[in-house]
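Numbering starts at 1 and runs along the sequence shown.
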Amino acid sequence: FAEAEREVQRMGEITRELMTGFADLFENAPPDAAALEARVRAMKELEKESDRRALATTQTLLACAASGVSEATRARAT
């Protein structure tokens, strides 16, 4: 469960990076197409990483639920 908690925290950080990155991209778009494309590509990779982490976290939590979770862990999760 601790691993899932860390993953959720990291996904939050990635989401924050994506939101600030997109806002910055719209407000301060690079003047040349190559730089713009590079920034958009980097943002897409961050989004893919977040998607992978979300899937892995879901699978971890499902495994935890299937194997039973202690009362203390359930309390931390809610």
Checklist entry - Between OG1 of T15 and CZ of R10, what distance do you get to the nearest 0.5 Å? => result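 Nearest 0.5 Å value for the OG1-CZ distance: 9.5 Å.
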Checklist entry - Of all residues at least two apart in sequence or in a different chain, which pass the side chain to side chain contact (heavy atoms under 4.5 Å, CB included) check with A35? => result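 For A35, the residues satisfying side chain to side chain contact (heavy atoms under 4.5 Å, CB included) (neighbours in sequence not counted) are P30, D32.
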Residues 41-51 side chain polar contacts: donor-acceptor under 3.5 Å, at least two apart:
{"from": "R41", "atom 1": "NH2", "to": "E37", "atom 2": "OE2", "distance (Å)": "2.8"}
{"from": "E49", "atom 1": "OE2", "to": "R53", "atom 2": "NE", "distance (Å)": "2.9"}
{"from": "E49", "atom 1": "OE2", "to": "R53", "atom 2": "NH2", "distance (Å)": "3.1"}

Item to check | Transitive ILVMFWY cluster of V8, excluding itself - 4.5 Å side-chain cut-off | outcome: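 Its cluster mates, by chain and number, are M11.
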Listing, residues 18-25 side-chain donor-acceptor contacts under 3.5 Å, not counting sequence neighbours, or none:
{"from": "T20", "atom 1": "OG1", "to": "R16", "atom 2": "O", "distance (Å)": "3.0"}
{"from": "T20", "atom 1": "OG1", "to": "E17", "atom 2": "O", "distance (Å)": "3.2"}
{"from": "D24", "atom 1": "OD1", "to": "N28", "atom 2": "ND2", "distance (Å)": "2.6"}
{"from": "D24", "atom 1": "OD2", "to": "R39", "atom 2": "NH2", "distance (Å)": "2.7"}

